[in-house]
Number of protein chains: 2
Amino acid sequence: MQKLTSAKPTPTAVLHRLSLYHCLLTDWLLASKKGAITSKELASTLGLNEVTVRNDLSFLGETPGKRGVGYSIDGLRQMLGEFLGLPPFAPVAFVGSAKVVSSLFSFFLVEKFGFISAAFFSEDPNDRTAVINGREVQSIEAISPELASMGVNIAVVITHPTWVQHSINLLAQAGVKGILVLTPSVVIEAPEGVHVTQIRIPCDLKALFHRVSLLDQQA
Amino acid sequence: MQKLTSAKPTPTAVLHRLSLYHCLLTDWLLASKKGAITSKELASTLGLNEVTVRNDLSFLGETPGKRGVGYSIDGLRQMLGEFLGLPPFAPVAFVGSAKVVSSLFSFFLVEKFGFISAAFFSEDPNDRTAVINGREVQSIEAISPELASMGVNIAVVITHPTWVQHSINLLAQAGVKGILVLTPSVVIEAPEGVHVTQIRIPCDLKALFHRVSLLDQQA
DNA sequence: TAGATTGTTAATCGATTAACAATC
DNA sequence: TAGATTGTTAATCGATTAACAATC
């Protein structure tokens, strides 16, 4: 017999946009924007088709809008947060040197996006006394099952490339189930049962080179 | 009459994988791997279907493989580089504070991926005397048409969120045609004729929260 | 009731995979 | 010739857009 709980997983394209809507609505609420918005407004702000937006939102189960009116900014954000499995402040662990992780925080404003930095682990022995946001930076080897039992299931890896795989393995052993890898590293083994998302800065850059080189030829 | 040069653009999914193959082959060559590889090897290393690999490579025009044999590592990398419009060392400009940009270089090894950091611009007035890789860090306002005329068409933006749009606008004025934005910023206006790629760390994280929350429910 | 906007079903478009002939 | 692996055409799958009925 099939598990009843596991309906089809949300398509990746849809899931990414739902996350994006959640970011946008959070932004609007922080800017004290109130009341209702239409799928048209949402779509045009993000450069999407309005049907795409409505279609995406239909994945939320209970229909979130009012015909003739639109969506409640506050209510829709709430529903999205719930669907995404986001607690009010979502705890994330960070693995990387103190310098790199604190630099990350100077362009990625974690709290504004609803996250909380819950733990820090560094591959650099010189970071044994380092502190970020008033919290001690620990050794990578200190990654342990306490992490997941404390409710930290998600981690960001931004170490030197030589430490990426080891970090992932330790996080997986500690019960972390979702890992975002920012370090460009061509081949990575994802441990069984762990979601590993790789950001590939070099590929994004090479793709841009291609697109731009075509422009040049036309000119 | 239609422009003859502008055939259909390469589909984004294909283009990203072609860039990925280029990264992998570069890696293999740096590790002195020689000779031939098959689409099967390429695919299994990257967790892809081997037909996908062959299909992608068919976009290169002249067929790059030998039936019964496979692909020359060196030859294929060459063809990919040419298709992608990558010079031997591809110049990229970086916009962001000296601290953040130098931190970026400690987890993203630009040269290993075939790039050269060609210019630095910082939004931070304290960076007026800063130097990265022996090159002076300039003010954002110093971004000028010289950039593009020097052959720098691609830039990475990793400033504080408040400076993202301004940086993009200045780069566009300077003739930069491809911009990769690493700073999470929900809404960005892409100037006419400029390719802007946004990396969305918060969305990737929120998507992971969703996937992981489903695992919890099943357990 | 009229106007607006949602939610859903159908149609199109793009991307992936399978099947197979071509050829080294 | 036999074995291997490519390149291409066809079939499937997923994602986007269009059309329209439902309803606030």
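Computed from heavy atoms alone, side chains included, the values below leave out hydrogens, waters and symmetry copies. Per chain, numbering begins at 1; letters A, B, ... match sequence-line order.
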> Do the side-chain N and O atoms of A:D204 and B:T197 include a donor-acceptor pair separated by under 3.5 angstrom?
Replying inline: no
> Taking only N and O in the side chain of B:R54, is any of them less than 4.0 Å away from OP1 or OP2 of D:dG7?
Replying inline: no
>> So, does B:T63 get its side chain near the phosphate of D:dG7, meaning an N or O under 4.0 Å from OP1 or OP2?
In response: yes
> Rounded to the Å, how far apart are A:L57 CG and D:dT16 P?
Replying inline: 14 Å
> Separation of B:N49 atom CG from D:dT5 atom C1', in whole Å?
Replying inline: 14 Å
>> Applying the Watson-Crick and G-U wobble criteria at under 3.5 Å, what pairs with C:dA10? Answer none if nothing qualifies.
In response: D:dT17
>> If you assign each of A:N55 and A:G68 to its closest nucleotide in DNA chain D, which residue comes earlier from the 5' end?
In response: A:N55
> Is any side-chain N or O of A:S39 closer than 4.0 Å to OP1 or OP2 of C:dT6?
Replying inline: yes
> To the nearest Å, how far apart are A:K66 NZ and C:dT6 P?
Replying inline: 13 Å
> B:L48 CG to C:dA15 P: how many Å, rounded?
Replying inline: 15 Å
> For the pair made of CZ in A:F59 and C1' in D:dT16, what is the distance, rounded to whole Å?
Replying inline: 12 Å
>> Angle between ring planes, A:F115 versus A:F108, binned at 30° and 60°: parallel, tilted or perpendicular?
In response: perpendicular
> Which is true for A:V51 with a 4.0 Å heavy-atom rule: it touches a base, it touches only sugar-phosphate, or it touches nothing?
Replying inline: base
> How close or far is atom P of D:dG14 from atom CG of A:L15, stated in whole angstroms?
Replying inline: 16 Å
> Does any donor-acceptor pair link the side chain of B:R67 with the base of D:dT6 at a separation under 3.5 Å?
Replying inline: yes
>> Tell me whether the side-chain N/O atoms of B:Y71 come closer than 4.0 Å to OP1 or OP2 in D:dG7.
In response: yes
>> If I take atom CD1 in residue B:I37 and atom P in nucleotide D:dA4, what distance separates them, rounded to the nearest angstrom?
In response: 19 Å
>> Whether B:R17 contacts C:dT16 is assessed here as follows: a side-chain N or O lying under 4.0 Å from the phosphate OP1 or OP2. Is that the case?
In response: yes
> Around B:E146, counting heavy atoms of other residues, nucleotides and ligands shown, do more than 12 lie under 6.0 Å from its CD?
Replying inline: no
> What is the distance from NE2 of A:H16 to P of D:dT16, rounded to the nearest Å?
Replying inline: 12 Å
>> With a 4.0 Å cutoff (strictly under), does any side-chain N or O of A:T52 reach OP1 or OP2 of D:dT17?
In response: yes
> Does B:G65 or A:V14 map to a spot on DNA chain D nearer the 5' end, using the closest nucleotide for each?
Replying inline: B:G65
> Are any side-chain N or O atoms of A:R200 and backbone N or O atoms of A:L205, one a donor and one an acceptor, separated by less than 3.5 Å?
Replying inline: no
> Given that both distances must come in under 3.5 Å, which nucleotide forms a Watson-Crick or G-U wobble pair with C:dA22?
Replying inline: D:dT5
>> Between B:Q173 and B:N169, is the side-chain hydrogen bond (donor to acceptor under 3.5 Å, both in side chains) condition met? List the steps.
In response: CA-CA 6 Å; B:Q173 276 171 40; B:N169 295 346; over 6 Å; no
